[in-house]
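Written out below as structure tokens is the structure these notes cover.
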Amino acid sequence: MPRCSICSKPAIAYIRYQRKYLCRDHYIEFIEDKVRRALRKYKMVGKGYRILVALSGGKDSSTLLGALAALRSEFGYELVAVHIDLGIYEYSVKSKMAAEELAKKLEVPLIEVPLSEVLGTTIPELANKGRRPPCSVCGMVKRYITNAAAVEVEADAVALGHNADDLAVYNLKSFLSQDLEAISKLGPKTESVEEAAIGRIRPLYLVYEKESFLYAYLKGLPFLHEECPFVDHRQMEVKLKEVVNSLEEERPGMKIQMMSKLALRIKDYPKPQGKIGRCKYCGLITGGDVCSFCRLTKKALGEPMGPKVREYIRSKALKLGLIPRRL
Ligand code: Q46
Ligand code: ZN
Ligand code: ZN
């Protein structure tokens with residue numbers, strides 16, 4: 001039986017790109033150290049920061065919250081989580097349960113935003129009414145609500161659970177279509193726009209998808225193993241993932257190298273042009289007069305729902321004692 005390269009206890013993982021075996025405890029330490037180094041290297045957090053974690057209930061968001069909670073006292077930041085109940089049948093019911101269990105276990109205050117209560121509708125219905133594919137509506141709704149929650153709780157950063165595999169695939173996809181502006185958004189962090197958009201950080205920037213799964217599993221963090229019924233396995237991303245995986249097979253560590261190099265060159269990529277404004281309904285960031293969320297909800301539900309979402313989150317944050325924020 002292989003033994004841990006550090007302490008000689010039975011190993012549970014082999015890290016190919018570092019040619020080392022690790023036992024359970026040293027594996028957990030290894031992942032937390034990766035997150036620690038990413039937080040420091042890319043200056044993602046500071047003492048006294050309030051970090052809002054987008055908690056979907058899946059493995060990456062569980063690993064993200066688990067690792068950030070483990071490093072909480074070392075860095076001196078505070079964590080708040082937000083979970084959006086998308087109303088996607090059984091999948092959302094189970095996601096919500098996993099998110100609630102995890103937040104409780106890690107003692108992180110959780111703001112829950114059920115779309116059926118706030119908007120009176122769900123992602124499948126909204127996609128139908130807006131005549132758009134569910135994933136495009138869902139992605140936009142999640143981005144909007146997460147940012148709205150971060151603005152309401154006066155967070156200093158929003159932490160996203162994107163891992164190195166996801167990012168390598170987005171990077172390659174954007175490169176193939178020469179969408180350099182999209183690549184400019186794939187760095188370890190983005191900056192805030194005062195009171196309209198909170199900057200985002202990606203603490204799992206150098207953590208592989210498989211590593212993230214194993215960390216959540218070994219730490220006993222609750223997460224949902226099932227996929228959303230709308231995941232499209234024919235997407236280009238799935239094919240690119242196979243390509244990137246076969247390259248990684250031949251050159252272990254390739255994805256991490258790709259992302260580390262991108263982080264160094266990210267400033268050289270062109271940023272999206274155009275004005276940055278505020279939505280006339282909800283006041284949050286937009287490239288025009290009305291943000292995509294208010295536009296879609298106005299079209300599908302007859303009313304721009306941004307202000308209602310903000311009000312709902314504010315009342316939840318008040319009840320949890322998160323606002324007014326004490327510094
Ligand atoms: S939850 Fe939403 Fe995903 Fe389901 S509808 Fe698509 S985007 S697949 S991460
Ligand atoms: Zn060990
Ligand atoms: Zn708006």
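First listed ligand is number 1; within each ligand, the first listed atom is number 1.
With rounding to the nearest 0.5 angstrom, the NZ atom of K59 is 15.0 Å from the OH atom of Y215.
Of all protein N/O/S atoms, those under 2.8 Å from atom 2 (Fe) of ligand 1 are C138 SG, and waters are not counted.
Annotation for K185: atom NZ does not count as buried by contact number, only 12 or fewer foreign heavy atoms lying within 6.0 Å. Dense packing is recorded around CD of E74, with more than 12 heavy atoms of other residues, nucleotides or ligands lying under 6.0 Å away.
No hydrogens or angles considered: a donor-acceptor pair under 3.5 Å links the side chains of D60 and S212.
In this structure, E209 does not pair ionically with K255, as no charged nitrogen and carboxylate oxygen lie closer than 4.0 Å.
Using a 30° and 60° split on the angle between ring planes, Y205 and Y42 fall in the perpendicular class, above 60°.
For ligand 1 and V231, the ligand atoms under 4.0 Å from any heavy atom of the residue are 8 (S).
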